[in-house]
Each structure stands twice: as C-alpha cells, then as structure tokens.
Amino acid sequence: MSDKVRVRFAPSPTGGLHLGGVRTVLYNYLFAKHHGGDFILRIEDTDQSRFVEGAEDYIMECLKWCGIEPDESPAVGGPHAPYRQSERKESYREYAEKLVADGFAYYAFDTPQELEEMRANYKTAENPSPQYDNRLRTKMRNSLSLDAATVQQLIADGTPYVIRIKMPENETISFTDMIRGEVSFNTGNVDDKVLLKHDGMPTYHLAVVVDDHAMEITHAFRGEEWLPSAPVHLMLWRWLGWEERMPQWAHLPLILKPDGNGKLSKRDGDRLGFPVFAMNWTDPRTNEFTQGFRERGFLPEAFVNMLAMLGWNDGTEQEIYSMEELISAFSMDRVHKGGAKFDFEKAKWFNHEWIKRSGEERLLPDVKAVLERSGITGADDSYIKKVIGMVKERCTLLGDFAEQGRFFFIAPAVHDIDAIRAKWNGDKENFFAELQGVLGDLEDWSTASIEAAFKELATTLSIKPGELQLPFRIMLVGGKFGPTVFDIAEAIGKEDTLKRIAALPAVA
RNA sequence: GGCGCGUUGGUCAAUCGGUUAAGACGCUUCCCUUUCACGGAAGAAUGACGGGUUCGAUUCCCGUACGCGCUACCA
C-alpha cells in the first residue's frame, strides 16, 4: 500500500479554470489511473486576498464535466482531510518554526516599504531585479542580521514578521524530472523565499511540501513555470527530514498563444475568438464574463482528447482516444518538453470527429438542449435521434445542430431563391405543380418510393431529374445544405413536404 | 541583467545514429455528389545556425542565436 501512486491537482480558487490547468489535471489523472492510483484535489487558498467566491465549486464542476472524479477532495473528503489549505493553517507554522530552530530559516521583519527600498537601492543595469538572497540578507532586518535580544524584543512587541528560507550560499542541487531528465541549480542563485507570511499563512512553497508529505503524494506534476522554484522545494524536503519520501517531479510544458509567443491567456481567447476556460466563468468582483469550451459547443470527450494530444502522443498514429484509452496509453515520459501553440482549428476538428463518432443516444440530451434554445420544443426523442443521425457529420460544434436540424422541425422562413432563379422556368414550375399531386397520391412514403416518383415525373416531363433537386431542396430546407432531399422529404412526412412545395414564393 | 527550460513544415507532431524525414490540422487542386457535408487522391520542410564526436547525424556533445519561464508576504 505504501507504493500506491498518489497525485494531486492543487489549484488556487482565484478564477476560471484555464486550458493549461485542465491539461495539468488531466495528466495527473491519467497517470494516477494508469497506475491504479489515487487522484486528489487540494485547494490552495493560502492567499486570502485573491480568494474568489464560487471558484472552488466552478473547478469541481469543470472536473466533473471532463469526467474526472477525485478520489479525495474537499467535497468527498478522505483520509487526509481537510483538503483546503486555509483549514490546515495551524500545521504550517510548526514546520516553519522547526526550520528556524534548526538554522534553515529565519525571521524577517522588513516592511513592504523596506523591501521596495531594497529593490530600488540595489537595482543596477546588470541586476535589474535584486533578490532577497544570501548576498543581501545580512543587510536586511532579520534574525540573521539582528542580535538575539533585539529579535526577541521585536517579536514580543508584536512586530509583523515572516519566516524566510535560508538558501545555502553555494551548493549544487539536482533532481530527475520525469520529462526533462536531470535538472540542476546552484542554491546561491535562488532567493530566500518567504515560507510563512505575516498573517500566519504559508506561501505555496511551504504548503506544497508540507501537504504533499502529509498526503503521501508520490508524484508531483505542475506547470513549467514552477521549475525555477524547485530548488526551494527540494531543500525543504531535505531539511524537514523527508527527502526519502519526496515525490517524483515532472514539469509540464506550457500551452502557448497561437500567434506570436508566450503563455496562452484568457486575453488571447477574447482577442482571437475562442474559449480558454473549460466552462463559462463570470468573475463575481468585476462581472467580467469569459466563455467556456462547454458552452461553445464542445463535447467533454473531445475537449479532453484534444488537451491530451497537446503535448503528448503514444508514438502511434492514433489521435482519437476515449478517456479509457488515454488512461491505458498514457505515460509521462512521452510528454513533450517544448511548449505547444494552441490551435483552435484543430480543437474544432477533434469535436467534429467526436460528434461524428458519437451515437444518437449520447448526443440526444445535448442536441435537445441546443434545439430548445433555438425555440424548437416538444419534439419526439426518436425523431430527434433520427435527425441527429442524418446531420451530425456536418456539425462541428453542438450549436450547429440548430441550423442543420431546424428545417426538420419547422418549415423554412426564408428561401435562398437566388440559388435557383437563374435556371427557373415554366417547365419546372409545372413540374412542381404536378409533383404535389403525384406525391399526394403516393401510398408508400419511403425515401426510395419518393425518389422513384420524383424521377418518373421528371422523365415524363422531359426534365433532367438532377436539375430539379436543387429547387426541391430550397423548398424543403430553404438553403443549399443538408442531407439528400428525398431523405428529408421522408423524414418530415408527406403533409409537410406538400405544404413546403406549395409555399415556395414565386421565383420569377 | 541573473538563473532555468526549450527549438523538426503555418500549427500539432513521429523518428530513441543509417528512412524517399511518418501522420494529423489548416490551406490549394482534383475525384465522388447536379446541395452542404462525409469519404478518397494529390501538393508544399534545404530538421534555428556554427562547430565537433562518428563510417554515418534531425537524432550525442559544445557554442551561438532566438523563444519562453522565473526573478512577490501570487499561485
């Protein structure tokens, strides 16, 4: 049991769930399930000023939509509850103090203003952003530079302070990243990160180590932006005496914006017209609305599939994977090192593929919702399924079912007369006048018999059947799209077919 | 500036020293279809650059360039 794989996704509840975030969860989940392990959701809400109402529920809803169910989470609980860091506040101070006592950390009394002054004073052309590190810490107000009595007095007076890690001056520290191989740093280049904030809350650096240890996490996967602070985490694992149980790390490549360079941001989506969040999100503080993939008409299967392939492949030509297939094929060492530019066109292709491959039953609830939103209600389920089967190959997004399916339920309000006007003539007008009678007498209302009757009349009147199909389509559909006309006539029934033929406005 | 990571077609990418350098998306053309799609066929890369190592480098090493990330009492 001690070697059971345990991974976690640890978002901070500050807003909508970004594509990159979903991919990080996905890879965590796939890895855990591939190895028969557990997937834990832990909320990293250590920054009270950034807390956003509703963000936690939103994150859980996103996971649910994607088909990812945490084995342990704030909602379902688990052996290591609580799963919110704000509720674990007490445990962090103890470890921070222990590090101070052992000489691996220290109290720092510098005020925000003093820190600002330090950065301003030491800023030079060669060093535009000086950091609080082994070179500067002796010049600041902390328990390393001040004498013990002063420190005691400061604390006794209730002076706000933080606890900072004391990074070694010159040590090489390295670890093996599961996708990058060996990565090493010199500790002297790393700053003395704050571990415990003045309000008693831990920073990410302390919390991630303490909680990963407490929750027996075996593998820790996170975005590449965390790589530079890995040495801090490594030292913490060592100094807290847990090095043997440190998880294996993997730093995932970033998802980049489609044009130019840089991390994909919500802004890019707005600018280029595609979603970046998994689901719709409205920031309760600013009321700013951001569209999600779900509401844009994506199937979760496609969304997950697309994300999985953005940075990973199993070496075969397969591109379409179900969650089950992903779980069995996934491996961290086949994840790319380099970032990938997000391509919305490819994302739509995945959705299109999933719609084509999904059964009518699977699509029914989603399509029904789409139809209802466009005013088509009360239709029979089996009829909707029939329509789905007929039009799904021309639907890229779920919303497309509204336009592609509408005429199966409602006669077209407008007709694309321009499409047929040029070739319209009295013979054709006569054909359709007679067609109403022929079709009206038809007893077997099947595609084959409708088509046969249609072509027989055309032959009788010496008109090429092919030339009559487009006008017929315009009458039934209103435009130049949709399945074979005779299938449409069969589906909408004799009565509607006759009405629509009669309803075509004068072409000439 | 420092530190770290990365670099195969417009994009996603295969290749674990030896191939005509796969495949997919998108694009263009064609076939199928007198609708739109689907399906099928075809077209387009001097593997960032320069050095090595090697009988042989896209694959290994070094350098350069470029890109990105980090450089907060945010995660």
Side-chain angles (χ1 to χ4, degrees), chain A residues 10-14 44-47 49-50 108 110-112 115-116 119 123-133 160-164 177 180 183-186 188-191 193-199 201-205 207-208 222-231 251 253-254 256 258-263 306 309-320 333 336-350 352-353 356 391-396 404 416 419-420 423 464-470 472-474 477 479-485 488:
Chain A
S12 61
T14 53
E44 309 224 333
D45 54 349
T46 54
D47 186 352
S49 68
R50 297 214 311 160
D110 316 277
T111 64
L115 290 174
E116 245 177 73
R119 291 188 188 106
K123 184 173 176 176
T124 60
E126 297 80 54
N127 185 10
S129 35
Q131 40 182 22
Y132 202 123
D133 60 14
Y161 66 89
V162 300
I163 291 178
R164 285 180 180 272
D177 185 285
R180 287 156 211 282
V183 181
S184 61
F185 302 85
N186 185 305
N189 293 321
V190 183
D191 63 327
K193 293 266 186 254
V194 169
L195 263 20
L196 198 75
K197 300 185 252 189
H198 83 272
D199 64 359
M201 277 293 209
T203 57
Y204 170 82
H205 308 293
V208 73
R222 64 209 328 187
E224 184 182 353
E225 67 269 27
W226 290 107
L227 209 37
S229 55
H251 291 87
L254 267 17
L256 279 15
D259 56 339
N261 298 301
K263 266 204 286 194
M306 177 273 290
M309 301 307 290
L310 202 58
W312 171 87
N313 73 81
D314 75 350
T316 69
E317 288 186 10
Q318 185 175 352
E319 286 197 275
I320 303 298
D333 54 20
H336 260 78
K337 295 180 176 70
K341 289 185 180 178
F342 177 67
D343 180 2
F344 190 53
E345 291 306 318
K346 186 77 185 235
K348 285 193 291 190
W349 175 81
F350 274 106
H352 193 18
E353 287 301 311
K356 282 190 293 183
V391 307
K392 66 180 182 181
E393 69 192 20
R394 47 211 101 211
C395 294
T396 298
Q404 293 294 332
D416 183 3
I420 55 174
K423 292 185 177 176
K464 278 193 274 185
E467 291 191 10
L468 296 161
Q469 282 186 38
L470 188 55
F472 192 27
R473 169 177 301 282
I474 297 301
V477 176
K480 291 168 64 173
F481 61 95
T484 308
V485 259
I488 296 170

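Here is the naming used below: chain letters follow the sequence lines, and residue numbers restart at 1 for every chain.
Legend: residues meeting salt bridge (Lys or Arg N to Asp or Glu O under 4.0 Å) with A/Glu116, ordered by chain and number and at least two apart, are absent. Evaluation of the side chain to side chain donor-acceptor pair (under 3.5 Å) rule for A/Ser184 yields no partner, not counting sequence neighbours. Looking at residues two or more places apart in sequence or on another chain, you find no ring pair (Phe, Tyr, Trp, His ring centres under 6.0 Å) involving A/Phe350. With sequence neighbours excluded, the residues forming a side-chain contact (heavy atoms from CB on, under 4.5 Å) with A/Asp314 are A/Trp312, A/Thr316, A/Tyr321, A/Ala329, listed by chain and number. When the side chain to side chain donor-acceptor pair (under 3.5 Å) test is applied to A/Asp133, the partners found at least two apart in sequence or on another chain are A/Arg135. Scanning for salt bridge (Lys or Arg N to Asp or Glu O under 4.0 Å) contacts around A/Asp110 gives an empty result, with sequence neighbours left out. Residues forming a salt bridge (Lys or Arg N to Asp or Glu O under 4.0 Å) with A/Arg222 (at least two apart in sequence, or on another chain): none. For A/Lys197, there are no salt bridge (Lys or Arg N to Asp or Glu O under 4.0 Å) partners two or more places apart in sequence or in a different chain. Not counting sequence neighbours, A/Asn261 has no partner by the side chain to side chain donor-acceptor pair (under 3.5 Å) test.
Taking atom CG of A/Asp314 as the reference point, atom C1' of B/A13 lies 12 Å away to the nearest angstrom.
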5' to 3', nucleotides 21-40 of chain B under a 4.0 Å protein heavy-atom cut-off (B base, S sugar-phosphate only, - none) gives -SSBS--------BBBBSS-
Base contacts versus sugar-phosphate-only contacts with protein, heavy atoms under 4.0 Å: please encode nucleotides 64-75 of chain B as B, S and - from 5' to 3'.
---SSBSBSBBB
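Nearest-nucleotide positions on RNA chain B place A/Asn189 closer to the 5' end than the other of A/Leu310 and A/Asn189.
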Annotated structure of RNA chain B as dot-bracket, pair cut-off 3.5 Å, Watson-Crick or G-U only, | for inter-strand, is (((((((..(((.....[....))).(((((.......)))))....(((((..]....))))))))))))....
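Geometrically, A/Arg164 engages A/Tyr132 in a cation-pi contact defined by less than 6.0 Å to the ring centre and at most 45° from the axis.
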